[in-house]
Amino acid sequence: MSWDIKKLNWSSAIITISTAIFALVSIVSVVIAYTTWQTQSEAARPYFTFKESPSIRLTNELNVELKFNNVGIHPAINLSSKSIVFDGTLLREPILVDDYTVVNDIPRDTTTSLLLRIKGDFSQADINPQFIVICLSYADPITHKLYIQTIYTQWAGVIAQTTQPLIHVEASQKQEILNYLKIHHLLQPKK
């Protein structure tokens, strides 16, 4: 009888160890699957880039047209933007603070335009450089996540009666711009 008890204890121990190993492997598999799903979901999120270089027209007002393309796999919904234009010296009040909301969803590979119309005296020979900061807020309808994307650009102004292009801001200027936006309470778009 003692031999049967030893055999039974070994059998129980092997079954218990096998069950524990199986449970551990199952937990690891679930963690890996969840991590993979999160990574794939984040890679598929909506994300906006410039479709082409922004166009600048200078008449009796400054018109800046920015075309954004959703390069993500998922569509974007509830797209809203806050556009802020201010003098490159960072010493003056913003010349434009504009909120805009798009009604339609923006599917993958779809372009949406943002037109900034800035009234002012743009007839002078030279115009100081201007920062243009655009803070986009949008949601992913599949994951229900909200995303905030801020784009920092600088219009070099008008030099010798020649309209300069719009360029990206240098990394060294970002903190100064953030300080300016914080002072003027302009950091986030309306949600």
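Only this structure's heavy atoms are used, side chains among them; waters, hydrogens and symmetry mates stay out. Counting from 1, the numbers follow the sequence of the chain as shown.
- In this structure, CG in L181 is found 6.0 Å from CG in L186, a value given to the nearest 0.5 Å.
- By the 6.0 Å contact criterion, OH on Y47 is open, its count of non-hydrogen atoms from other residues, nucleotides or ligands being 12 or less.
- Cation-pi check for R92 over F86 is not met; the charged atom does not lie both under 6.0 angstrom from the ring centroid and within 45 degrees of its normal.
- In this structure the side chain of Y180 reaches within 4.5 angstrom of the side chain of P94, judged on heavy atoms.
- Between L146 and S137 the shortest heavy-atom distance is CD1-OG, 3.5 Å.
- Taking 4.5 Å as the limit, every side-chain heavy atom of I134 sits out of range of all side-chain heavy atoms of T150.
- Neither L115 nor F50 shares a network with the other; the hydrophobic side chains, linked directly or stepwise wherever heavy atoms of I, L, V, M, F, W or Y lie under 4.5 Å apart, form separate groups for each.
- Within a 6.0 Å radius of NE2 in H184, other residues, nucleotides and ligands contribute more than 12 heavy atoms.
- Two residues are said to be in side-chain contact when any heavy atoms from C-beta on lie closer than 4.5 Å; C135 and S81 fail this criterion.
- Contact of the F131 side chain with the T153 side chain is not registered, since no non-hydrogen atoms from C-beta on lie closer than 4.5 Å.
- Taking NZ of K145 as the reference point, atom NE2 of H74 lies at 11.0 Å (rounded to 0.5 Å).
- Here the side chains of L166 and L66 are in contact, with some heavy-atom distance below 4.5 Å.
- Aromatic ring centres of Y138 and F48: separated by under 6.0 Å.
- To the nearest 0.5 angstrom, E170 atom CD is 15.0 Å from Y152 atom OH.
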